[in-house]
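The block underneath contains the structure these notes are about, expressed in structure tokens.
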Amino acid sequence: MTPGNRKGMFYMYKIMTPGPTQVAENVRLARSLPCTNPDLDEDFVEFYKETCEKISRLLHTKNETLILGGEGILGLEAACASITEPGDQVLVLDNGIYGKGFADFVSMYGGIPSLYTVDGRSPIDVTELEAFLSKSHDYKYATVVHGDTPSGVLNDIGKLCPLLKKYGILTVVDSVSAMFGEEVRADRAQIDLLCGGSQKVVSAPPGLAFVTISADAKKAIKERKTPIASFYANLKVFEHYYEEKWFPYTMPISDIYGLRAAIDNIEADKDILKRHAAIGAAARYAVTKAGLTLYLKSGFSSTVTVFEVPKGTTDKAILTSMKKDHKILLAGSFGSLSGKVIRIGHMGENANVSDMAEVFGALDEVFAKLGVILKTSLKTAFLGSLPG
Ligand SMILES: *Cc1c(COP(=O)(O)O)cnc(C)c1O
């Protein structure tokens with residue numbers, strides 16, 4: 001092991017993956033604050049609630065947010081578990097791996113998923129969905145992925161969710177890898193259950209999920225005829241936590257201290273959306289200019305750039321050389337995209353010019369070593385295209 005030492009931190013690799021992302025030093029240090037008993041110390045209950053309220057504010061909603069003690073996936077499962085009753089019809093919008101994956105959570109809790117599957121290289125077309133809904137709209141809720149990270153496709157939740165709501169369909173939105181790197185206006189979009197996680201743009205270590213819950217979602221949960229078939233993946237168990245000063249299970253206090261520091265960082269970072277957009281655009285420009293092929297046709301998320309593995313090499317060769325020769329971790333993808341693409345995660349702490357320039361400089365050398373001829377230097381194109 002030859003750990004690097006930058007920003008005063010010891011680590012093996014620079015993690016430029018689409019989650020987990022790099023963790024700021026103040027977030028890391030917040031996790032080492034002295035611990036209290038989160039069940040018995042009322043100050044912690046206040047701290048938890050304040051942190052939840054900050055998340056709601058940043059998502060532009062008056063709805064309540066709950067932080068759950070588990071990785072991002074727990075939020076998706078808890079949202080589905082809490083509103084699915086056996087026999088419920090659920091529309092699963094699928095233009096990516098996470099999109100399709102929702103069908104499993106739906107059926108696991110007795111719902112009947114109907115897949116609305118469209119091309120995975122573009123966002124879901126709002127007009128086409130509207131045409132579909134005008135004929136078929138008997139669904140209790142729909143699942144929508146904001147940024148489907150394995151391909152990088154970004155769906156327009158600002159248009160999709162109000163459209164679904166128009167038909168009385170509740171929405172469960174996975175914005176785990178997009179929120180705070182892409183605009184989310186939860187109230188304006190009328191999102192019912194909005195899921196986020198700690199390890200993507202938020203840039204805290206993995207371990208926490210959060211879910212923002214609308215009044216309609218609360219009503220649907222309240223009016224269930226059958227109990228929620230889970231304790232841990234269950235939003236209802238938090239119902240009176242604040243009044244009773246009692247959490248359904250002991251909260252991971254150090255994780256929440258870290259999350260709070262990360263949320264404070266986001267709150268103070270007034271240019272966060274602009275920076276993500278600029279870095280995303282420059283990354284796509286560089287990839288294209290160098291003669292590589294972006295995976296998507298349209299709907300590019302500002303949080304991740306996904307390009308096809310060029311002919312004559314493999315994802316494994318690229319990723320291994322980046323790791324061994326440059327101490328940078330990039331990601332391949334999985335499912336149907338396995339082996340086909342490389343993903344650069346420029347979300348949260350990763351979304352900065354110097355780390356991205358380092359990634360592209362390293363990729364220039366890696367492609368040269370692997371005998372892949374680029375039309376121009378990725379690094380030069382990236383830096384040259386950035387505004388001012
Ligand atoms: C990362 C991510 C999650 C969280 O789950 P993982 O365990 O990290 O896969 C959920 N949804 C999306 C779109 C994500 O990118």
Side-chain angles (χ1 to χ4, degrees), residues 15-23 55 59 66-81 92-106 108 120-121 123-124 142-157 160-161 171-184 186 191 193-212 232-233 252 255 259 262 276 280 295-296 299-306 329-338 341-351:
I15 48 168
M16 293 300 286
T17 51
T21 47
Q22 299 179 62
V23 175
I55 294 172
L59 297 170
L66 294 172
I67 300 166
L68 313 180
E71 195 274 335
I73 289 291
L74 176 62
L76 313 184
E77 181 165 350
C80 292
V92 174
L93 302 189
D94 159 31
N95 62 335
I97 291 168
Y98 280 98
K100 194 189 206 77
F102 259 123
D104 293 337
F105 291 130
V106 172
M108 214 174 275
R121 289 184 191 239
I124 293 163
T143 60
V144 190
V145 177
H146 189 194
D148 209 313
T149 331
S151 68
V153 73
L154 184 77
N155 288 313
D156 188 352
I157 55 171
L160 294 169
C161 297
T171 50
V172 172
V173 173
D174 171 356
S175 186
V176 173
S177 73
M179 59 168 60
F180 311 122
E182 296 285 350
E183 179 163 86
V184 178
I191 298 167
L193 290 159
L194 172 59
C195 306
S198 57
Q199 85 276 30
K200 304 289 171 83
V201 184
V202 173
S203 297
L208 291 176
F210 39 91
V211 182
T212 303
Y232 203 52
D255 289 349
L259 176 70
H276 278 81
Y295 174 72
L296 295 174
F300 302 95
S301 155
S302 300
T303 60
V304 54
T305 292
V306 184
L329 288 188
L330 297 184
S333 197
F334 43 91
S336 54
L337 290 176
S338 177
V341 297
I342 298 290
R343 296 183 299 154
I344 307 170
H346 37 79
M347 50 180 75
E349 285 294 308
N350 293 8

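All residue numbers in this chain count up from 1 along the given sequence. One-based numbering, in listed order, for ligands and for the atoms of each.
- Side-chain contact check for Thr171 versus Ile157: every heavy-atom pair is 4.5 Å or farther apart.
- Checked against His146 for a side chain to side chain contact (heavy atoms under 4.5 Å, CB included), the options Val176, Leu154, Val153, Asn155 give a single hit: Leu154.
- At least one heavy atom of Gly147 sits under 4.0 Å from some atom of ligand 1.
- The nearest heavy-atom contact from the protein to atom 12 (C) of ligand 1 is Asp174 OD2, 3.3 Å.
- Test Asp174, Asp94, Asp148 against Lys100 for salt bridge (Lys or Arg N to Asp or Glu O under 4.0 Å) and you get one pass: Asp94.
- Shortest contact from atom 2 (C) of ligand 1 to any protein heavy atom: Lys200 NZ, 2.4 Å.
- Note: no N/O pair closer than 3.5 Å links Asp148 and ligand 1 by distance alone.
- Under 4.0 Å from ligand 1, not a single heavy atom of His146 appears.
- For Ile15 against Pro20, the heavy-atom pair with the smallest separation is CD1-O, 3.7 Å.
- One N or O on the side chain of Glu182 and one on the backbone of Ser302 form a donor-acceptor pair closer than 3.5 Å.
- Atom 15 (O) of ligand 1 has as its closest protein heavy atom Thr149 OG1, 2.3 Å.
- Shortest contact from atom 9 (O) of ligand 1 to any protein heavy atom: Tyr98 OH, 2.4 Å.
- Taking every heavy atom of Ser177 and a limit of under 4.0 angstrom, the matching atoms of ligand 1 come to 15 (O).
- Separating the CG atom in Leu193 from the SG atom in Cys80 is a distance of 8.5 Å, to the nearest 0.5 Å.
- Considering Gln199, Glu71, Met347 only, the shortest heavy-atom separation from atom 7 (O) of ligand 1 involves Glu71.
- In this structure, Val201 and His276 have side chains that are in contact, with non-hydrogen atoms separated by less than 4.5 Å.
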